[in-house]
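The structure appears right after this line, and notes come after that.
Just so it is clear: chains get the letters A, B, ... in the order the sequence lines come, proteins before strands, and each one is counted from 1.
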Amino acid sequence: MRVVFLGTPEFGVPSLKALVKAGYEVVGVFTQPDKPKGRGNKMLPSPVKSCALEYGIPVYQPVKIRVDGVEDLRALRPDLCVTAAFGQILSQEILDIPKIGTVNVHSSLLPKYRGSAPINWAIMEGETVTGVTTMMTDKGLDTGDILLQKEIEILPGETAEELTARMAPIGAELLIETIKGLEAGIIQRVKQDEAQSSYFPMLKKEMGEIDWRMSAHQIVCRVRGLTPWPGTSFVWGDNEGIKVWKAEEAENPGKAPGEILCADAKQGLVIAAGEGAVRVLELQAPGGKRMNAKDYLRGHPVSYTRVNGI
RNA sequence: CGCGGGGUAGAGCAGUUCGGUAGCUCGUCGGGCUCAUAACCCGGAGGUCGAGGGUUCAAGUCCCUCCCCCGCAA
């Protein structure tokens with residue numbers, strides 16, 4: 001069976017590998033164009049592209065596949081297309097090309113958490129369970145018929161980065177199971193229940209600005225959900241932005257949101273929130289590297305009593 | 001050459017402007033105090049100051065080259 005894989009970030013790599021290992025003929029890989037990234041603006045290939053090149057699979061990087069990728073895709077004569085965090089919207093014209101159709105690996109329990117950042121949002125919303133879904137892609141945004149689903153527990157304190165790494169291989173397994181099921185004709189397509197559906201938007205940098213009036217629980221979930229990108233941060237002292245990498249809930253003896261309850265190398269850093277308080281365990285100052293809050297405070301005594309901006 | 005910050009003891013930092021004995025907080029080791037302690041007191045060990053070259057009587061500090069780390073831009 002001729003398969004074309006469409007994916008971009010790390011999440012898609014296990015699925016691509018699984019397709020190859022399962023013996024499917026992966027005749028082409030579509031991924032986002034290389035972009036200048038990192039210091040020095042070096043061009044960096046997407047993880048999926050790197051993986052495809054290792055297997056010697058032809059790589060296509062249209063800016064907009066529905067505009068300048070249609071003919072390439074058609075020429076590959078795919079029986080099946082597989083998407084996993086590709087990052088581009090497919091048009092009906094594209095969806096009509098593969099004989100069997102297009103299967104998408106989505107990292108939530110659809111119809112909940114449609115959108116491009118389901119893992120992050122599930123954590124931010126305080127969920128304790130999520131999962132991966134395989135579905136037939138249709139013209140809507142994550143609205144196609146569900147094929148298979150698998151629940152995954154969100155571990156206490158787990159970050160989006162950690163959970164993504166854990167989910168990717170599970171998604172790959174489910175993908176293979178799904179394709180085999182389709183070939184055998186034993187999979188039932190289930191329409192999504194619109195009444196149960198929810199959509200969450202792309203992540204934006206501003207979402208990482210901590211509002212200390214939120215509850216400690218919400219803030220901690222946000223820190224977990226927005227790691228590693230865009231990250232969460234707050235501002236204190238001389239307009240200095242502090243990025244929070246790891247935090248946990250703590251007791252608040254009745255102080256106002258944003259008040260610094262303690263900030264020294266012995267007790268660590270605890271800041272009052274709308275409900276409860278947040279203990280900052282790992283942080284990062286401008287130009288600095290990520291470190292334990294206590295390590296940071298050892299060399300950076302804090303004289304102010306509250307964070308800025310409230 | 002996209003812009004900017006940084007590399008000094010095991011950890012986190014100051015010192016670099018204007019060259020002149022390597023400092024601070026903590027950890028660690030030893031001793032003391034204490035019913036006791038993550039508390040307190042006394043003492044010790046631990047550093048090719050990212051690498052190489054240059055200037056100088058003298059370089060962490062000034063000049064040149066290189067390496068590495070971090071942030072911005074998704």
Side-chain angles (χ1 to χ4, degrees), chain A residues 6-13 30-51 59 61-65 83-89 107 115-121 123-124 141 159-161 164-165 168 200-210 222-223 225-248 250-251 260-271 279-304 307-309:
Chain A
L6 304 87
T8 301
E10 200 58 49
F11 179 80
V13 172
F30 282 68
T31 191
Q32 296 273 33
D34 295 359
K35 280 178 190 164
K37 269 193 171 178
R39 273 156 245 139
N41 271 347
K42 294 186 179 77
M43 296 296 266
L44 282 184
S46 72
V48 162
K49 177 178 176 178
S50 302
C51 177
V59 173
Q61 299 179 276
V63 175
K64 265 196 179 186
I65 188 170
T83 58
F86 176 43
Q88 291 191 28
I89 310 274
S107 46
S116 60
I119 300 176
N120 306 270
W121 279 109
I123 292 178
M124 279 193 277
L141 218 156
T159 65
E161 185 175 32
T164 301
F200 288 85
M202 268 199 315
L203 300 181
K204 286 207 177 74
K205 186 120 197 178
E206 308 84 76
M207 292 171 182
E209 292 163 14
I210 296 177
R222 197 153 265 245
V223 170
L226 295 180
T227 297
W229 193 88
T232 47
S233 61
F234 65 90
V235 172
W236 67 6
D238 189 18
N239 212 29
E240 186 176 47
I242 299 292
K243 194 163 179 178
V244 179
W245 282 98
K246 204 163 211 176
E248 64 183 18
E251 294 294 316
I260 298 169
L261 302 183
C262 62
D264 60 75
K266 287 263 187 289
Q267 303 175 74
L269 175 59
V270 181
I271 299 170
R279 174 179 295 279
V280 177
L281 298 170
E282 275 180 41
L283 56 76
Q284 184 167 18
K289 60 173 90 169
R290 172 180 179 171
M291 65 178 79
N292 289 326
K294 290 182 181 180
D295 288 341
Y296 175 79
L297 292 167
R298 200 160 283 130
H300 299 84
V302 168
S303 54
Y304 15 96
V307 300
N308 302 353

Under 3.5 Å between N/O atoms: give me all the protein pairs with nucleotides 39-41 of chain B, atom names plus distance.
none

Could you list, one pair per line, each protein nitrogen or oxygen that sits under 3.5 Å from a nitrogen or oxygen of nucleotides 14-17 of chain B, together with the distance?
none

Between B/G43 and B/G23, how far apart are the P atoms? Round to whole Å, please. 15 Å
Base-pairing mate for B/U16 - Watson-Crick or G-U, with both contacts under 3.5 Å: none
Quick one: look up who B/A59 pairs with, Watson-Crick or G-U, both distances under 3.5 Å, and put none if it's unpaired. none
Rounding to the closest angstrom, what is the interatomic distance between B/G15 and B/C33 at atom P? 40 Å
Can you tell me, in whole Å, how much space there is between the C1' of B/U21 and that of B/U61? 15 Å
Would you mind reading off the distance between A/N292 atom CG and B/G12 atom P, rounded to a whole angstrom? 9 Å
Pairwise C1' distance, B/U17 and B/G10 [rounded to whole Å]: 31 Å
Using the C1' atoms only, state how far B/C29 lies from B/A45, rounded to an integer number of Å. 7 Å
State, yes or no, whether a side-chain contact exists between A/T164 and A/N120 at a heavy-atom distance under 4.5 Å. no
How many whole angstroms separate atom NZ of A/K294 from atom P of B/G12? 16 Å
B/C72 pairs with, by Watson-Crick or G-U criteria that keep both distances under 3.5 Å: B/G2
Rounded to whole angstrom units, what separation is found between the CG atom of A/D295 and the P atom of B/G27? 12 Å
Under a 3.5 Å cut-off for both distances, is B/C35 Watson-Crick or wobble paired, and to whom? none
Does the side chain of A/K294 come within less than 4.5 Å of A/L297's, by heavy atoms? no
Does the side chain of A/Q32 come within less than 4.5 Å of A/K49's, by heavy atoms? no
Separation of A/N308 CG from A/E240 CD (nearest 0.5 Å): 10.0 Å
A/V235 to A/V307 - nearest heavy-atom pair and separation: O-CB, 3.6 Å
Going through the distances and angles, do A/T31 and A/T8 end up as a side-chain contact (heavy atoms from CB on, under 4.5 Å)? CA-CA 5 Å; A/T31 191; A/T8 301; 3.6 Å; yes
Take atom CD of A/E251 as the centre, draw a 6.0 Å sphere, and report whether it contains more than 12 heavy atoms from other residues, nucleotides or ligands. no
In the 5'-to-3' direction, what one-character label does each nucleotide of nucleotides 67-74 of chain B receive under the scheme B = base within less than 4.0 Å of a protein heavy atom, S = sugar-phosphate only, - = no such atom? --SBBBBB
Between B/U25 and B/A14, how far is it from one P atom to the other, in whole Å? 15 Å
Return the orientation label for the A/Y296 and A/H300 ring planes: parallel under 30°, perpendicular over 60°, tilted otherwise. parallel
Take the protein atom CD of A/E282 and the nucleotide atom P of B/G12, then report the distance between them rounded to whole Å. 13 Å
At their closest point, which heavy atom of A/K64 faces which heavy atom of A/Q88, and how far apart are they? CA-OE1, 3.3 Å
Could you tell me how far B/G44 sits from B/A36 if I compare only their C1' atoms? Round to whole Å. 26 Å
With side-chain contact (heavy atoms from CB on, under 4.5 Å) as the test, would you mind laying out the steps for A/R290 and A/K243 before giving the verdict? CA-CA 9 Å; A/R290 172 180 179 171; A/K243 194 163 179 178; over 6 Å; no
Whole Å only: how far is the CD1 atom of A/I242 from the C1' atom of B/G12? 13 Å
Nearest-angstrom distance, C1' atom, B/C13 to B/G60: 15 Å
Inter-residue atom distance A/I123.CD1 - A/L226.CG, 0.5 Å rounding: 9.5 Å
Taking C-beta and beyond as the side chain, do A/I210 and A/I271 meet within less than 4.5 Å on heavy atoms? no
